[in-house]
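Below is one structure, written out as structure tokens, with a few remarks after it.
Residue numbering restarts at 1 for every chain, and letters A, B, ... go by the order of the sequence lines.
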Amino acid sequence: MRSNRLAGIMKLALVVGSLQLGSAGIAAADTTILNVSYDPTRELYKDFNAAFAEKWKADTGETVTIQTSHGGSGKQARSVIDGLEADVVTLALEADIDAIAQATGKIPADWKARLENNSAPYTSTIVFLVRKGNPKGIKDWGDLTKDGIQVITPNPKTSGGARWNFLAAWAWARAANNGDDAKAQEYVTQLFKHVPVLDTGARGATTTFVQRGLGDVLLAWENEAYLSLEELGPDNFEIVTPSISIKAEPPVALVDGNVDAKDTRKVSEAYLNYLYSDAGQKIAAKHYYRPFKPELADPKDTARFADLKLVTIDEFGGWKEAQPKFFADGGVFDQIYKPGQ
Amino acid sequence: MALDTSTAPTASSKLVKAATSETRVARLTLIAVALGFVALFLLLPLATVFIEAFRKGPAEFATALRDPETFSAIRLTLIVAAISVPLNLVFGVAASWAIAKFEFKGKAFLTTLIDLPFSVSPVISGLVFVLLFGANSALGPFLQKHGIHILFAVPGLVLATVFVTFPFVARELIPLMQEQGTSDEEAALSLGATGWQTFWHVTLPNIKWGLLYGVLLCNARAMGEFGAVSVVSGHIRGQTNTMPLQVEILYNEYNFVAAFAVAAVLALLALVTLVLKTALEIRYSDEIAASRRH
């Protein structure tokens, strides 16, 4: 039994040792900032962080380590509210940053006006991913409600991306019917009758379409659609760009309360500003995000983005109006969507 | 009476024989069903993990594991297990010792309490710590003022893991110690041993195999826990992602080889513990039989 005790003590020593090693490792880096982001930005920020760290080193001589955390946008906002010490947040929806601002006071209420383009350095839109050769001949929103077409989109109640899908469909129908909202609602009602299953998130819906082979068309973020094309084989899928879609603006914000506590304001501000720079815009375009200033990006990358009419959330009165009207309990979505019909 | 005693053994031996005298076909079918089930539900999924991990060859597998974020996830998982398993070992022994060898008020309640983590969903197990230590909890401002990081850091991961793996050691030991009774300890005490000596030289040797088994189970679960850890992790890459979380991240990034490579390492750690346990069981089979006494 003595050897057991000895082993126990050694184990404990090992633990304490490695813990100290861990904290020493953190202290050795000059500065560390944390970017709390949403799901599809992993590849983008991996590149961007490396570029920024290099630039910061060249400009100031300081070493900066950028940590990132990814997850569903709403869940990530929740974590920051619960105390995750984000220096900057780069989320999918304005409403998620608003939630942090309201719940913690760590972000001022007017955060949106602090950076250019409503604090969205890159934008994206909603496109269609179809099976290779487009066997069902899907070209625009109107084709989605034809007989025998199955549409895959996540649940707007739980997914930020799905809300953009819903509003993009609405925007097309409204334009096609000379601004008639009743007709648009009719179209969207029809559209959701063609949805066999509602996943909870965008990556889940992609898996349903790509791996499980369900449905004829996936309504997806443009950057997600290109990424799955790249990762899962251009031999199996192709992208169809509709005539009208919505301009999705994933915003970024500095978390003032946290950067002041950690004394990282300068580097965090520089980090966000760098997103708007030549290099930042180039990296965004490379990862299939539409840069806010396309003239700064590589023309080869921007040429990949199809030209289409993009409506903004302002045409729905902004998120403050659209969110309760369409997606709250008892809202338009609840009225039109009856499962299994 | 004489008749009774002479017929009793024959009757019972007939009964025993009858219970196992299935036809050859029935026996083979049963064995085939059992083996088929094990192959389909245990071996096949496990094999898939390793096949997927090596799909692009051992070089890709090695590259995937050399990724600094993956490496940090492996390190973090080992650290969390190395802290929470000893904690639960000490607690498990203490609790089962108290429950099996002593009578006290609230014993039934304590036994039920130990089982609590088994019946609570891991997500809830994580959320309780968010509610306890989150920025909006009663403790939150105090922790923040003193710069104490619990949530989204190693302490939070350890707390969640300890909570989830709480019952493993105690659950393994309580029935064993109850079965062994208190006569050995009473003998030791009557021969003049102190309480500590009794524990160290009498109780512990009696339970060491059960204890080892409980610790191995506890360790396997501690390394594999996903739900509770996911809630308190904060998912900071290269810092608070444990191996199961890293597997999910890599899978969601279409990085299938790397995801399965980490999964394979995790499975391997579990397999090593199982092999270790089996090897020890074979090596010390007589001793184990004696200590179990059944």
Side-chain angles (χ1 to χ4, degrees), chain A residues 1-2 4-5 7-9 11-12 14-19 21-23 25-26 32 34-37 39-40 42-43 45-46 49 65-72 75-76 78-86 103-104 106 201-204 206-207 210 227-228 230-232 257-258 261-262, chain B residues 69 72 75-76 78-87 89-90 127 129-131 133-137 140-141 143-145 147 149-156 158 199-201 204-205 208 211-212 230-241 245 248-256:
Chain A
M1 279 306 104
R2 192 156 297 144
N4 254 10
R5 181 160 36 167
I9 292 167
K11 209 171 189 179
L12 200 72
L14 206 71
V15 168
V16 173
S18 52
L19 273 180
L21 206 72
S23 48
I26 291 164
T32 302
L34 173 61
N35 173 5
V36 172
S37 192
D39 249 331
R42 303 157 193 267
E43 295 81 9
Y45 280 110
K46 203 170 193 173
N49 290 345
T65 309
I66 302 119
Q67 295 173 328
T68 54
S69 164
H70 299 275
K75 184 183 148 210
Q76 294 292 81
R78 187 66 242 176
S79 289
V80 176
I81 292 170
D82 284 326
L84 184 60
E85 292 181 340
T104 66
K106 285 179 177 175
R203 278 276 157 109
T206 310
T207 312
V210 172
L227 186 70
S228 46
E230 192 179 278
E231 297 285 342
L232 301 162
N258 288 345
K262 289 159 76 178
Chain B
E69 281 171 7
S72 118
R75 187 165 150 265
L76 180 65
L78 294 178
I79 290 176
V80 168
I83 301 173
S84 34
V85 173
L87 279 178
L89 183 143
V90 171
L127 273 180
F129 292 108
V130 174
L131 293 177
F133 300 114
N136 302 309
S137 68
L143 295 174
Q144 230 155 15
K145 210 175 110 195
H149 292 86
I150 293 183
L151 275 191
F152 315 117
V154 176
V158 170
F199 173 77
W200 205 244
H201 295 290
L204 203 56
K208 66 182 173 197
L211 184 61
L212 179 68
S230 169
V231 176
V232 298
S233 147
H235 303 275
I236 305 169
R237 302 180 76 111
Q239 198 172 353
T240 63
N241 281 323
L245 301 179
E248 194 211 17
I249 286 173
L250 292 168
Y251 186 81
N252 276 341
E253 287 175 0
Y254 307 113
N255 202 344
F256 300 126

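- A donor-acceptor pair is defined here as one N or O able to donate and one able to accept, closer than 3.5 Å; such a pair exists between the side chain of A:Ser69 and the backbone of B:His235.
- Distance CZ/B:Arg237 to CG/A:Asn49: 9.5 Å, rounded to 0.5 Å.
- Contact of B:His149 with chain A is made through the side chain alone, with heavy-atom distances under 4.5 Å.
- Interface summary for chain B: among A:Asp39, A:Ile81, A:Thr206, A:Asn35, the most heavy-atom pairs under 4.5 angstrom belong to A:Ile81.
- Comparing A:Glu43, A:Arg78, A:His70 by heavy-atom pairs within less than 4.5 Å of chain B, the highest count is held by A:His70.
- Only the side chain of B:Leu151 comes within contact range of chain A, with at least one heavy atom under 4.5 Å from a heavy atom of that chain.
- Here the side chains of B:Ile249 and A:Arg42 are in contact, with some heavy-atom distance below 4.5 Å.
- Comparing A:Ala103, A:Ser79, A:Gly71 by how many heavy-atom pairs each has under 4.5 Å with chain B, the most go to A:Ser79.
- Interface remark: A:Thr104 contributes no atoms to any contact with chain B (heavy atom separation under 4.5 Å).
- Of the two parts of A:Leu84, the backbone and the side chain both hold a non-hydrogen atom closer than 4.5 Å to a non-hydrogen atom of chain B.
- The contact between A:Lys106 and chain B is made entirely by side chain atoms (from C-beta outward), counting heavy-atom distances below 4.5 Å.
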